[in-house]
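So you know, we letter chains A, B, ... as the sequences are listed, proteins then strands, and number each from 1.
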Amino acid sequence: MDIKSVKSQFPIFKNKINGKSLVYLDNANSSQKPERVIDRISKFYSKEFSNIGRSVHTLAVTATNRFEETRDLVKKYINAKSREEIIFTKNATEGMNLVASTYGEKFINKGDEILITELEHHANYVPWHFLRQKKGAVIKFAKCNDRGEVEIDEIKKLITNKTKIIGITHLSNVTGAILPVKKIVDLAQTKKIPVLVDGCQGAPHLKLDMQELGCDFYAMSCHKMYGPTGVGILYAKKQWVDQLPPYQGGGGMIEEVKKDNITFPGSPTKYEAGTLQTAEVVGFSESIRFIQDVGIKNIMQHEKEITEYGVQELKKNNSIKIIGDPKNRGSIISFTIKGIHPHDIATILDEDGVAIRAGHHCCQILHEKMGVTATARASLGVYNSKEDIDALSNAIKKCNTIFNK
Amino acid sequence: MDLKELYQEIILDHGKNPRNKKRCKGFNKQAEGHNPLCGDKVHIFLKLNKEKKVEDISFEGEGCAISIASASIMTETIKGKEFNVAKKILENFLNMLKDGSKLKINSLSEDQNTTMKSLSGVKQFPMRVKCATLAWHTFMHAAEEKKQKANTEKAD
């Protein structure tokens with residue numbers, strides 16, 4: 001992979017941050033956008049824009065086609081069986097809320113169990129908490145081990161005949177652990193329990209094949225995939241979209257409206273109420289093409305190499321403690337530095353143009369378990385290089401100097 | 001932006017060796033403060049006597065160097081002050097961080113003035129202002145016996 005040519009496609013790197021070149025290590029939070037995505041949105045608004053799926057004029061047809069072409073592209077990219085399984089949402093959070101709300105309404109009752117893990121982002125916990133409050137459901141947490149992984153046995157031992165759904169992250173946004181999703185799904189299928197995968201960190205960095213993975217729901221965040229903000233994708237298996245109720249009500253998601261009754265069409269229409277983020281969805285088609293052009297296998301190989309280098313370099317600094325040590329690590333390295341709070345680390349790094357995130361990363365359950373309130377997190381993307389890791393290591397040394405003088 | 005202005009010796013010292021970081025004896029008011037976005041937490045213990053004087057004040061909590069230093073400096077500055085004076089100091093402090101206005105409080109010693117001013121560098125780091133103001137807002141919550149936790153996302 002020619003990293004220089006990849007990086008040159010991202011205009012943001014032409015800017016200086018505090019007079020320094022940008023070292024962007026906040027990709028788990030959101031990724032930067034290649035020029036072709038930005039241009040596609042601009043072109044769509046300049047030449048093709050209209051609202052979709054409603055009017056019959058030429059522009060409406062063009063815009064609708066571009067929008068639906070993106071759905072087909074996504075379907076192919078993640079190897080879903082049918083286009084009805086691809087639902088556009090405003091973000092992955094909405095995707096997970098959609099599942100909790102519609103599946104919960106129909107299938108979860110008092111005393112039923114929802115099985116999630118201690119690694120989950122709040123987006124795969126809070127929606128289930130609402131269900132706990134509303135219906136009296138029980139939430140169980142599969143334990144994560146010292147390496148920051150959730151082993152399949154931890155899930156296995158919590159499954160009971162009351163377990164109605166399993167919610168797991170594909171790749172932890174804190175410890176970087178890649179979970180054995182396929183094995184968990186296989187196990188769940190023997191008990192006929194559906195599995196929702198939070199794919200926010202998995203989708204940008206791993207090869208996706210829904211038919212092979214076999215999960216029932218997979219939520220993605222397009223802005224973490226070099227795409228625009230405001231777009232999420234929920235993959236939902238046909239058997240579920242056929243039987244689950246609609247999520248939000250409004251225009252576009254109805255079949256027939258009478259004073260005494262309303263009927264709804266099939267998926268994805270019934271889940272896409274109101275005017276959607278049309279230009280952003282169309283723009284996202286170029287994110288997928290970008291990933292395809294670079295090649296997801298090349299991306300995986302590259303990120304693995306840089307992440308391993310990062311772990312190795314950070315380990316050289318005795319004041320640094322890396323959070324978790326998963327055997328199968330995605331491109332995320334969270335750490336703490338003795339005597340320096342993560343927010344102070346982030347501010348000091350920023351002066352050198354090194355952008356990381358500090359805080360609980362929307363995983364308070366996990367941080368409480370690890371006995372820390374916050375961590376610093378470096379998360380890599382396709383454009384990061386060993387030089388970026390060196391910049392990170394050097395900026396960290398500056399933290400040591402400021403605080404230990 | 002200047003890191004040296006943010007992490008001045010005084011701040012690093014208060015961050016590493018915070019003053020009054022304990023539960024003070026005989027406190028009659030208390031409040032908790034929380035910065036939900038970054039997780040900084042502070043718990044203020046206040047002993048306000050009948051004459052409305054801050055007889056004692058202390059804090060417990062965890063957070064970054066700025067938030068701990070600010071809490072430490074706040075307790076040192078307002079301990080022994082009349083509540084009305086303390087309130088004025090707080091207003092002055094918030095204005096210093098908001099628009100860079102100078103401190104105008106006669107009752108502060110030169111040392112106290114210098115210490116308070118050491119926090120003015122935070123103004124250049126907008127994302128960190130909340131770290132510096134958390135303890136101060138929480139002090140007001142304690143004094144006014146507000147029921148809700150002080151929350152930097154709701155604070156004025």
Take atom [atom1] of [X] as the centre, draw a 6.0 Å sphere, and report whether it contains more than 12 heavy atoms from other residues, nucleotides or ligands.
X        : atom1 : value
A/Lys398 : NZ    : yes
A/Lys20  : NZ    : yes
A/Lys134 : NZ    : no
B/Asp99  : CG    : yes

**Request:** Take B/Leu12 and A/Ile402 through the side chain to side chain contact (heavy atoms under 4.5 Å, CB included) test and state the conclusion after the steps.
**Result:** CA-CA 9 Å; B/Leu12 290 173; A/Ile402 289 176; 4.3 Å; yes
**Message:** Quick one: does any side-chain atom of B/Lys16 pair with a main-chain N or O of A/Phe403 as donor and acceptor, under 3.5 Å?
**Reply:**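 Flag set: sc B/Lys16 to bb A/Phe403 pair under 3.5 Å.
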**Per-residue contacts, residues 64-91 of chain B versus chain A, heavy atoms under 4.5 Å** = B/Cys64, B/Ala65, B/Ile66
I need the [X] [atom1] to [Y] [atom2] distance, nearest 0.5 Å.
X        : Y        : atom1 : atom2 : result
B/Arg128 : A/Thr347 : CZ    : OG1   : 3.5 Å
B/Lys130 : A/His343 : NZ    : NE2   : 11.0 Å
A/Ile340 : B/Tyr7   : CD1   : OH    : 9.0 Å

**Prompt:** Are any of the side-chain heavy atoms of B/Phe125 and A/Asp350 separated by less than 4.5 Å?
**Reply:**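 Counting from C-beta outward, B/Phe125 and A/Asp350 never come under 4.5 Å.
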**Prompt:** Quick one: does A/Thr373's side chain get under 4.5 Å of B/Asp40's, heavy atoms only?
**Reply:** no
